[in-house]
Amino acid sequence: MLKSLKVKITILAFILISLIMIVNTWRDIHLTEQKLLNAQKEKTALLSDRIAHGIMILMLKNRWQDLQGMMEGLVKDSKEMKEIRIFVPETGIIVVSSNPNDVGKKIYKEDMERFRKGEEGAFLINKGDNLYSSKLTSIENHPVCYRCHLAEKKILGVMDIEISLDTVYETISQFKKEHFTDSLIGFTLIIFVFLFIIGILIDRPINKMITTIRRIEKGDLSARMNVKQKDELGLLAQSFNNMVESLEKAKKELEAYHTAQIEKAAKLASLGEVASGIAHEIKNPLTGIRCAIQVL
């Protein structure tokens with residue numbers, strides 16, 4: 001079965017289509033994942049700016065005592081918001097946090113290093129088995145803040161927010177399932193259509209050719225291939241028909257020559273019989289004459 005041309009073409013097409021669809025599926029999933037993560041980082045940046053703006057309003061109203069409650073409320077009301085912290089840029093000590101237990105502790109080493117390097121753009125961070133979108137936002141000391149803070153201090157604090165990416169990865173997981181399902185259905189349809197086309201364009205004409213060849217092998221030189229296609233198979237069938245016609249013509253000429261040889265042989269045989277009879281008829285008188293001469 002593996003020697004069949006149809007099977008070989010099908011296996012080759014199966015491998016080729018599989019590779020193409022796997023590469024395209026992986027590429028689509030990877031691009032979609034990157035777009036969703038980038039969108040989440042942009043969302044984190046926007047939320048960070050909004051929260052920083054709210055903090056500035058509280059500072060101007062001298063309502064620092066409400067800041068802790070505001071952060072706790074933001075995290076409580078949001079499904080994605082994980083933590084909000086404000087730490088001192090010089091020491092890294094957390095002064096305000098959505099989790100009251102973090103107040104007085106030091107900020108994560110990674111966040112402090114990013115702040116010192118000036119990386120205030122949104123970024124992704126791994127904590128345990130979870131991935132978060134985070135952003136550091138500096139709370140600058142503006143002239144309106146000089147009444148409570150020294151003018152020499154440029155940055156009053158650094159806000160660090162973390163947003164969970166569980167929803168994003170649920171969306172990505174659902175997208176992967178749907179994409180793989182669609183790819184599997186598409187792959188199955190392509191294979192069936194491919195087999196159907198192979199059966200019509202290649203398998204059926206080849207089977208007809210094989211049937212014609214077997215008839216010719218049994219001695220039926222009147223058999224001809226049906227030439228309807230204008231492709232390579234049609235040219236092959238036409239060439240084969242021309243070859244069979246030449247073979248049939250040669251066979252007829254050989255039979256005619258053989259018949260002529262048989263007739264000539266028959267004539268020669270008849271002539272031999274006549275000559276033999278004449279020789280016999282001549283021999284008898286000669287024998288009598290010889291005997292008479294011997295007697296004399």
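Residue numbers count from 1 along this sequence. Because the structure is a prediction, the values reported are computed rather than measured.
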Minimum heavy-atom separation for Glu90 and Met112, please, with both atom names. O-CE, 4.3 Å

Separation between CE (Met70) and CD1 (Ile84), nearest 0.5 Å, reads 6.5 Å

Across all chains, not counting sequence neighbours, the side-chain hydrogen bond (donor to acceptor under 3.5 Å, both in side chains) partners of Ser97 are none

Is Phe187 linked to Ile22 within one hydrophobic cluster, defined over Ile, Leu, Val, Met, Phe, Trp and Tyr using a side-chain heavy-atom separation of less than 4.5 Å? no

More than 12 foreign heavy atoms under 6.0 Å from CZ of Phe14: is that the case here? no

Consider only side-chain heavy atoms of I, L, V, M, F, W and Y, link residues closer than 4.5 Å, and tell whether Ile185 and Val193 are in one cluster. no

Nearest heavy-atom approach of Thr44 to Ser134 is CG2-C, 4.0 Å

Taking atom NZ of Lys41 as the centre, report whether more than 12 heavy atoms of other residues, nucleotides or ligands fall under 6.0 Å from it. yes

Which ring pair (Phe, Tyr, Trp, His ring centres under 6.0 Å) pairs, counting each pair once, include a residue from residues 36-63, with sequence neighbours left out? none

Is a donor from one side chain sitting under 3.5 angstrom from an acceptor on the other, for Lys135 and Ser133? no

If two hydrophobic side chains count as joined below 4.5 Å and joins carry through other members, does Phe175 share a cluster with Val168? no

Test side-chain contact (heavy atoms from CB on, under 4.5 Å) on Leu136 and Met159 and set out the steps. CA-CA 6 Å; Leu136 301 174; Met159 183 181 65; over 6 Å; no

Please report the shortest heavy-atom distance between Pro89 and Gly157, naming the atom on each side. CD-CA, 3.9 Å

Run the numbers on Val158 and Thr137 for side-chain contact (heavy atoms from CB on, under 4.5 Å), then give the verdict. CA-CA 6 Å; Val158 181; Thr137 303; over 6 Å; no

Is Ser173 reaching over with its side chain to a backbone N or O of Tyr169, donor-acceptor style, under 3.5 angstrom? no

Just wondering, do Thr167 and Glu80 contact through their side chains at under 4.5 Å, heavy atoms? yes

Atom NZ in Lys82, atom CG in Asp166: separation rounded to 0.5 Å? 8.5 Å

Any side-chain donor paired with an acceptor under 3.5 Å for Glu178 and Gln174? yes

Taking only distance into account, with no hydrogens and no angle test, what donor-acceptor pairs under 3.5 Å do side-chain atoms of residues 25-39 form with protein atoms, sequence neighbours excluded?
| unit_1 | atom_1 | unit_2 | atom_2 | d |
| --- | --- | --- | --- | --- |
| Thr25 | OG1 | Met21 | O | 2.6 |
| Thr25 | OG1 | Ser183 | OG | 3.1 |
| Asp28 | OD2 | His179 | NE2 | 3.3 |
| Thr32 | OG1 | Asp28 | O | 2.7 |
| Asn38 | ND2 | Gln34 | O | 3.1 |

Considering only heavy atoms from C-beta outward, does the side chain of Ile51 approach that of Met81 to under 4.5 Å? yes

Test of understanding: clusters of I, L, V, M, F, W, Y form through side-chain heavy atoms closer than 4.5 Å, transitively. Do Val95 and Leu156 belong to the same one? yes

Should Ile139 and Ile161 be regarded as members of a common hydrophobic cluster, given that ILVMFWY residues are connected when their side-chain heavy atoms come within less than 4.5 Å of each other, either directly or indirectly? yes

For the pair Ser98 and Arg85, evaluate side-chain contact (heavy atoms from CB on, under 4.5 Å) and give the outcome as yes or no after the intermediate values. CA-CA 6 Å; Ser98 58; Arg85 297 176 292 267; 5.7 Å; no

For Phe115 against Ser138, the heavy-atom pair lying closest together: CE1-OG, 3.8 Å

Distance-minimising heavy-atom pair for Ser164 and Tyr132: CA-CD2, 3.6 Å

Which residues pass the side chain to side chain contact (heavy atoms under 4.5 Å, CB included) test with Asn242, not counting sequence neighbours? Gln238, Glu245

Review item, side-chain donor-acceptor pairs of residues 258-267, under 3.5 Å, at least two apart:
| unit_1 | atom_1 | unit_2 | atom_2 | d |
| --- | --- | --- | --- | --- |
| Thr259 | OG1 | Glu255 | O | 2.8 |
| Gln261 | NE2 | Tyr257 | OH | 3.4 |

Measuring from atom NZ of Lys249 to atom NZ of Lys252, what distance do you get when rounded to the nearest 0.5 angstrom? 10.5 Å

Rounded to the nearest 0.5 Å, the CG atom of Asp160 sits from the CZ atom of Arg114 at a distance of 10.0 Å

Please set out all donor-acceptor pairs under 3.5 angstrom arising from side-chain atoms of residues 100-107, sequence neighbours excluded.
none

